[in-house]
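It should be emphasised that the depicted structure is a prediction, and the values quoted were computed from it without experimental measurement. Sequence lines set the chain letters: A, B, ... in the order given, protein chains first and strands last, and positions in each chain run from 1.
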Amino acid sequence: MSRYNARTVEPKWQKAWDDAQTFLATRDDAKEKYYVLEMFPYPSGRIHIGHVRNYTMGDVIARYKSSCGFSVLHPMGWDAFGMPAENAAMAIGGHPKEWTYGNIAAMRDQMKPLGLSIDWTREFATCDPEYYGQQQAMFIDFMEKGLVYRKNATVNWDPVDMTVLANEQVIDGKGWRSDAPVERRELTQWFFKISDWSEELLSALDGLDNWPDKVKLMQANWIGKSRGLQFAFERTDGGEAIEVYTTRPDTLMGASFIGISPDHPLAKELEASDPKAAAFIAECRKGGTTAEALETGEKIGYDTGLKVKHPLNPDWELPVWVANFILMDYGTGAIFACPAHDQRDLDFCRKYGLPVIDTFFALDDQTPVTTEAFVPPKTDTVKWVDHFAGLDVATGEEAIDATIDFVEKAGWGQGVTKYRLRDWGLSRQRYWGCPIPVVHCEDCGVVPEKKENLPIKLPDDVTFDIPGNPLDRHPTWRDTPCPSCGKAAKRETDTMDTFVDSSWYYARFTSPHASTPTDMADAEYWMNVDQYIGGIEHAILHLLYSRFFARAMHETGHLPASAKEPFNALFTQGMVTHAIYQTYDSNGRRIYHLPEDVIEFTDLDGQKNALLSVDVQGAKIDPDDVVSMSSLYSMLKIKGIAEQRRDTVEIIPSAKMSKSKKNVVDPVDIIDQYGADTARWFVLSDSPPERDVEWTASGAEAAWKFLGRVWRLAAELGDGDDTDTDLERATAQAIREVTLGIETFGFNKSVAKLYEFANTISKSKAGAGAKRKAVKTLAQLMSPMTPHLSEEIWAHLGGEGLIANAPWPEADEALLVQDTITMPIQINGKRRGEIDVSAEASKEEVEKLALAHDAVVKALEGREPKKLIVVPGRIVNVVI
RNA sequence: GCCCGAGUGGUGGAAUGGUAGACACGACAGAUUCAAAAUCUGUUGCCGAGAGGCGUGUCGGUUCGAGUCCGACCUCGGGUACCA
């Protein structure tokens with residue numbers, strides 16, 4: 001009998017599937033459809049083990065659903081625009097287009113051997129002009145529907161490189177290449193009006209029954225619906241009143257000062273007239289644009305000298321400050337601060353010597369606030385000091401409602417609902433993205449390009465030797481006649497955020513070669529995505545943008561109403577993580593090292609250490625032999641390697657795999673050595689799919705051994721027509737549990753059950769006929785995970801056609817019924833024995849049996865139990 | 001900072017509020033072998049000679065019963081609107 005040889009078997013079956021066009025998705029109105037989609041990859045150049053895990057999960061679902069009789073759509077494409085291509089062009093020369101398409105070819109070559117059931121005829125990359133041209137057409141439709149507009153927005157500006165930086169390119173407040181302190185700068189940019197859909201995107205979350213609650217919660221928090229009070233503070237100098245929005249109007253008596261954003265119109269006025277204010281605002285503009293930078297940075301303020309009148313007491317004047325932590329994007333860009341009940345306000349007031357006024361206390365503690373703000377949940381009842389709406393004891397919620405009522409009746413303010421969600425800024429000052437199809441004409445203004453001129457293709461003749469957007473400095477590309485008046489005009493040089501590309505690719509897959517963005521008949525049949533699979537890191541932005549886009553596409557006639565919520569079910573798989581190894585150069589900048597360039601060992605204290613392999617100069621070191629840094633040095637000395645200064649390698653454990661941080665693990669070694677089925681089986685084993693896993697290759701060999709064992713089990717079988725009830729029962733149980741595992745994304749549990757089932761078969765004394773039947777079912781149950789091996793066994797055992805086309809096995813329910821049950825007996829909640837009872841036994845019979853149990857009799861010593869709990873079919877607890 | 005998760009043997013993990021540790025890795029012992037590889041069999045949470053006790057990040061609570069529910073905290077991970 002020959003050994004299982006993945007190297008010859010796997011390509012054989014891949015060819016058989018290709019020849020039979022097994023995975024071609026076809027519209028078949030007689031069949032129910034099932035659309036499985038994994039988030040498409042960025043073509044970084046190499047697939048990593050996380051991709052293998054992700055796509056194998058999708059493949060298990062796709063193959064399983066196909067066996068269940070569905071017409072399956074399982075496509076693949078490339079999220080191909082983005083910064084890394086431009087970075088590569090800057091770092092190593094070449095062109096982003098060549099780099100990207102080269103990477104796509106390499107990754108496709110790495111993916112094909114995995115034997116994924118993908119309909120490759122639908123493949124596309126978002127940087128294909130055929131794709132982004134359709135995106136431009138949609139953009140024009142969105143413009144017509146008023147879904148797009150322009151306004152000013154802040155960007156990270158590198159004053160040395162004179163270019164816009166991505167948040168990722170700002171490291172510790174400095175530009176990644178220039179090392180110069182980053183500034184915030186305003187540019188006119190394009191926006192999608194996603195905020196018009198805030199309520200819709202929020203309330204529709206309720207209908208997403210098959211989405212993880214955590215994702216829905218994150219999106220709801222992100223949209224951030226709040227009800228508050230909007231009103232104006234009159235200025236004492238008669239200037240324009242300051243509108244504020246607050247979610248805690250009930251604390252108005254605790255107001256300490258008025259804070260405005262450095263980007264507030266009033267701040268801008270002062271910037272022109274007050275040099276000190278201008279200096280302060282300039283200070284605020286230092287640093288990056290991220291929320292994290294703003295909120296973790298030092299809170300600073302500037303007293304404008306302006307005063308406002310408190311609306312409840314015209315004699316009470318409050319100072320107006322400019323504060324760097326107030327965002328112009330949220331509310332009105334101005335607040336009143338209540339330091340007693342907001343920690344940030346309190347810290348600020350203590351720093352600048354502003355008053356702190358308590359407005360309410362806990363019922364049992366009236367200590368005034370000192371260094372810690374009193375911020376109870378809004379549902380807690382508190383005692384009010386002097387509430388203007390006449391409250392004494394009430395919850396925060398009641399007080400807020402009462403206050404809004406009071407103010408509305410008094411006529412100086414209004415209850416308002418606001419959302420935190422901001423409009424989606426889609427402009428990018430970069431080359432490698434989808435050009436925004438508009439023209440700036442001196443006479444006509446901003447004019448959309450004519451659809452017949454689409455796609456507006458990116459010019460190929462660009463260079464990346466200087467920072468900035470090559471489209472801006474291209475000699476001719478910008479020049480174009482105005483689509484409206486025909487006069488010489490200029491193209492927009494901003495390109496689109498890559499999130500635009502990934503916000504509708506799922507729809508394009510339903511008709512990837514159509515001459516319009518979608519084909520309605522195809523979209524009607526294939527949409528929605530029945531199962532979407534991707535990383536939790538996309539829980540907010542990508543998934544929210546996609547939900548918005550589907551709605552916008554419906555508005556513009558590109559998707560049916562039924563596809564407004566495009567993903568029926570979502571599964572967020574965990575990430576495969578790996579340690580990052582870093583050292584520092586002489587300027588203190590981080591240098592990242594590949595895992596294969598590092599020797600890692602654990603010393604006797606359990607401390608992890610690492611050294612660069614180059615420092616070991618090729619000496620063979622077994623990390624298990626190294627117990628401490630000094631023992632490593634002695635070993636190196638013994639091996640004749642001269643003592644030298646060596647960098648200590650810093651280890652950052654369990655970080656998301658990222659090419660730029662060089663902690664990406666390549667799966668090709670495993671595939672080369674053991675085959676795709678082993679890699680697939682391995683990534684599905686052990687870890688629950690939703691959990692992050694630290695990458696370790698130990699266990700790959702065990703997976704390979706198991707698959708060999710299953711093959712031998714099949715290969716060594718003889719013939720016979722005998723049957724075996726025990727094996728049939730084990731088969732029925734395996735079918736039930738493996739199926740349940742797949743249906744609930746418990747692939748690790750399915751794998752464990754398959755191990756158990758295979759062990760049961762190999763240990764069974766049943767005849768060849770009975771075993772043959774069991775092994776055939778085993779092969780079928782394994783086929784979504786190890787499709788090549790399963791086909792080989794299926795063919796060997798005389799199965800009809802391809803196992804990929806065989807219907808999913810069904811469990812014989814009659815065999816799953818148990819007649820006796822073993823029930824554990826607890827005494828005071830601790831397990832002390834067990835009894836066997838018939839499945840039909842009444843509660844009374846179980847109680848009798850339990851009380852007659854040796855351990856119970858002994859513990860009772862003739863007394864009556866205090867309580868006797870019988871959970872039928874489960875457990876008995878005797879309380880003494 | 002803010003929002004969302006996760007934490008169980010040496011390791012990955014299993015467990016509708018009902019026998020904690022299924023299944024696998026590793027380790028150890030044995031069989032087979034001239035020997036090894038491969039394969040097969042067995043043992044394996046910790047403490048204890050044993051009886052037994054202790055055990056699911058920490059502390060507290062609810063319950064007849066908590067890994068699971070509630071509260072506080074610790075650590076790690078993801079997101080934080082220009083990484084994708």
S.K.: Hey, does S502(A) reach any base, or is it just sugar-phosphate, or nothing, if we go heavy atoms under 4.0 Å?
M.R.: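 The answer is nothing, as S502(A) stays clear of every strand by at least 4.0 Å.
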S.K.: Using OP1 and OP2 only, check whether a side-chain N or O of R691(A) sits under 4.0 Å from rA14(B).
M.R.: yes
S.K.: Nearest to the side chain of R832(A), heavy atoms from C-beta on, is which of rC4(B), rG78(B), rG53(B)?
M.R.: rG53(B)
S.K.: Please pick, from rC23(B), rC64(B), rC82(B), the nucleotide with the shortest atom-to-atom distance to any side-chain atom of A752(A).
M.R.: rC23(B)
S.K.: Under 4.0 Å between any heavy atoms, over every strand shown, what does K749(A) touch: base, sugar-phosphate, or nothing? Just pick one.
M.R.: sugar-phosphate
S.K.: Whether K418(A) engages the ring of Y330(A) as a cation-pi pair (distance to the six-membered ring centre under 6.0 angstrom, angle to the ring normal within 45°) should be assessed.
M.R.: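 Pair K418(A)/Y330(A) does not count as cation-pi.
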S.K.: Return one dot-bracket line describing RNA chain B 5' to 3' (Watson-Crick or G-U wobble pairs, both distances under 3.5 Å; ( ) same strand, [ ] crossing, | another strand, . none).
M.R.: (((((((..(((.....[....)))((((((.......))))))(((....)))..(((((..]....))))))))))))....
S.K.: Which part of the nucleic acid, if any, lies within reach of P688(A) when heavy atoms closer than 4.0 Å are counted: base, sugar-phosphate only, or nothing?
M.R.: sugar-phosphate
S.K.: Can you tell me, in whole Å, how much space there is between the C1' of rG12(B) and that of rA6(B)?
M.R.: 15 Å
S.K.: Determine the Euclidean distance between corresponding C1' atoms of rA20(B) and rU16(B); express it in Å to zero decimal places.
M.R.: 16 Å
S.K.: Report which part of the nucleic acid D329(A) touches: base, sugar-phosphate, or nothing (heavy-atom distance under 4.0 Å, all strands).
M.R.: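 It contacts nothing in the nucleic acid.
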S.K.: Nearest nucleotide by nearest heavy atom, which residue falls closer to the 5' end of RNA chain B, N877(A) or F81(A)?
M.R.: N877(A)
S.K.: Classify A539(A) by what it touches in the nucleic acid, base, sugar-phosphate, or nothing, heavy-atom distance under 4.0 Å.
M.R.: nothing
S.K.: Taking the ring of F192(A) and the ring of W197(A), is the distance between their centroids below 6.0 Å?
M.R.: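 Ring centres of F192(A) and W197(A) not closer than 6.0 Å.
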S.K.: Kindly point out which of rC4(B), rU39(B), rU19(B) is positioned nearest to the side chain of K705(A)?
M.R.: rU39(B)
S.K.: Both R428(A) and T296(A) contact RNA chain B. Taking the nearest nucleotide for each, which residue is further toward the 5' end?
M.R.: T296(A)
S.K.: Under 4.0 Å: is that the gap between some side-chain N or O of N748(A) and OP1 or OP2 of rC23(B)?
M.R.: no
S.K.: Looking at every strand, decide which applies to H538(A) at a 4.0 Å heavy-atom threshold: base, sugar-phosphate, or nothing.
M.R.: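 H538(A): base contact, heavy atoms under 4.0 Å.
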S.K.: Under 4.0 Å between a side-chain N or O of K216(A) and OP1 or OP2 of rG5(B)?
M.R.: no
S.K.: If you look at every strand shown and take non-hydrogen atoms under 4.0 Å, does Q429(A) touch a base, only sugar-phosphate, or nothing?
M.R.: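 Base contact - Q429(A) has a heavy atom under 4.0 Å of at least one base atom.
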S.K.: P atom, rU11(B) versus rG17(B): distance in rounded Å?
M.R.: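 These two P atoms come out 27 Å apart once rounded.
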S.K.: Quick one: are the ring centres of Y131(A) and W504(A) less than 6.0 Å apart?
M.R.: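 Yes.
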S.K.: Less than 3.5 Å apart, which donor and acceptor atoms pair up between the side chains of residues 823-834 of chain A and the rest of the protein, not counting sequence neighbours?
M.R.:
from	atom 1	to	atom 2	distance (Å)
N828(A)	OD1	I880(A)	N	2.9
R831(A)	NH2	E834(A)	OE1	2.8

S.K.: Report which part of the nucleic acid E756(A) touches: base, sugar-phosphate, or nothing (heavy-atom distance under 4.0 Å, all strands).
M.R.: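 Sugar-phosphate: the residue E756(A), judged by heavy atoms under 4.0 Å, touches backbone atoms but no base.
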S.K.: What about the rings of F757(A) and Y755(A), do their centers lie closer together than 6.0 Å?
M.R.: no
